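Below is one structure, written out as structure tokens, with a few remarks after it.
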Amino acid sequence: MSQPSLRVIIACGGTGGHLFPGIAVAQQLKAMGHRPLLLISRKEVDADGARKYGDLEFRVVQAVAKPPVLSLRMPGFLWKYARTLLTCRGIIRREQVDVVLGMGGFTSLAPVLAGRLQGLRTYVHESNAMPGRANRLTARFCTAVLLGMKEAAPRFPKSDCRVVGTPVREEFLHLPEPAAARAELSLPADKPLILVTGGSQGAQKLNTLMVETARSTPEAHFLIIAGRSDCERVQALAADLPNCSVMGFCSNMPAVYAAADGIITRSGASTLTELSVVAKPALLVPFPYAADNHQYINARVFADAGAAELCEQSALSVPTVQSFIRNTALKPAAADAMQTALRAQAKLHAAASIARVIAGAQ
């Protein structure tokens, strides 16, 4: 007997680390015959990410981060949150939703609570080793908590926790050939390529240091994805450098990963998941102001496994980056060892595992 088609809300967005895993689950659910509806925020990163996936259904809802309890912003938050909760309850009723999945952050809280109030099965996915406060709160209203890393389980002592991995979009499982990817991106074919990305929000200090590194490392070509807000400044800094390309946003990350010989990046959980799948040598520079220092904790998990090098932003320098490039990314034995360790971290079927939980088959 075939399973009935479920209407599933996937609350994601706010950052690429929430949005893209949500898209991966939606793709899997749709392939199984279910009907996902993705709730995203009003941020530009969500609009950019959603634009590529015209076969999926998106809807924008307001999402606001919870301020400290004694903050003067709390009354405004409660008013906006109440409105979003009512909006989500209306969507659930009109769409006859069966299951609600939150992919993390405050975009998830109202939809999950609305689902719980309607008596639905509800889930939240935590991709980081150190859960954020939004997910710790959301977990109270969930049937189960789905984890990207087993290290997060102790932070949910009262929840049914299931380690499923962090989903990655289907296109990351089938990368193009490096030469074809470079041609598609108009990148040179005669030099090793170092990819630099600060995540969906960009990273000014990291971008500046990478331009300085490119200036003194002529043997490699650098592709810096600077973030929209910092792109113009970084392009000006690199204007005289033939071995440095700069873009604000890239909608074709599989091609970028395929083209790269080494990667310098932040350590959000979604980024680490992609790295484990594409298996390219990486230098992780955790965002130093991440909540609960969760990016450092994520990076530590990978570094301890030999799957990446770790350098805190305060210690990052041109010689440090050059050492990674010359002694790891471009040294075959070291690069091969790191790639093997990265593959050991990969959970290639995370989206399918989550979809089976949502469908009630696991």
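Note that the coordinates shown come from a computational prediction; the quantities given were computed from them, not determined experimentally.
- Pairs passing the salt bridge (Lys or Arg N to Asp or Glu O under 4.0 Å) check and including a residue from residues 213-227, sequence neighbours excluded, read Arg215-Asp240, Glu219-Arg326.
- Qualifying ring pair (Phe, Tyr, Trp, His ring centres under 6.0 Å) partners for Phe156, counting only residues two or more places apart in sequence or in other chains: none.
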Acceptor/donor pairs from residues 136-143 side chains to any protein atom, 3.5 angstrom cut, sequence neighbours excluded:
| residue | atom | partner | partner atom | Å |
| --- | --- | --- | --- | --- |
| Arg136 | NH1 | Pro131 | O | 2.6 |
| Thr138 | OG1 | Ala134 | O | 2.7 |
| Thr143 | OG1 | Thr122 | N | 3.1 |
| Thr143 | OG1 | Thr122 | O | 3.3 |

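- Pairs passing the salt bridge (Lys or Arg N to Asp or Glu O under 4.0 Å) check and including a residue from residues 27-42, sequence neighbours excluded, do not occur.
- By the side-chain hydrogen bond (donor to acceptor under 3.5 Å, both in side chains) test, Gln313 is found to be paired with Arg266, residues two or more places apart in sequence or in another chain being considered.
- Val145 places none of its side-chain heavy atoms less than 4.5 Å from the side chain of Arg162.
- For Glu274, the salt bridge (Lys or Arg N to Asp or Glu O under 4.0 Å) partners at least two apart in sequence or on another chain are Arg169.
- Qualifying side-chain hydrogen bond (donor to acceptor under 3.5 Å, both in side chains) partners for Ser245, counting only residues two or more places apart in sequence or in other chains: His221.
- Annotation: salt bridge (Lys or Arg N to Asp or Glu O under 4.0 Å) contacts involving residues 250-260, sequence neighbours excluded, are absent.
- The salt bridge (Lys or Arg N to Asp or Glu O under 4.0 Å) analysis of residues 89-115, with sequence neighbours excluded, yields the pairs Arg7-Glu95, Arg59-Glu95.
- The other residues sharing a hydrophobic cluster with Ile264 are Ile194, Val196, Leu206, Leu209, Met210, Val211, Phe222, Ile224, Val234, Leu237, Leu241, Val246, Leu283, Val285, Leu316, Val318, Val321, Phe324, Ile325, Leu330, where clustering joins ILVMFWY side chains under 4.5 Å apart.
- For residues 251-288, the set of pairs meeting the ring-ring contact (aromatic ring centres under 6.0 Å, His included) definition, not counting sequence neighbours, comprises Phe172-Tyr257, Phe287-Tyr289.
- In this structure, Thr340 has no side-chain hydrogen bond (donor to acceptor under 3.5 Å, both in side chains) partners at least two apart in sequence or on a different chain.
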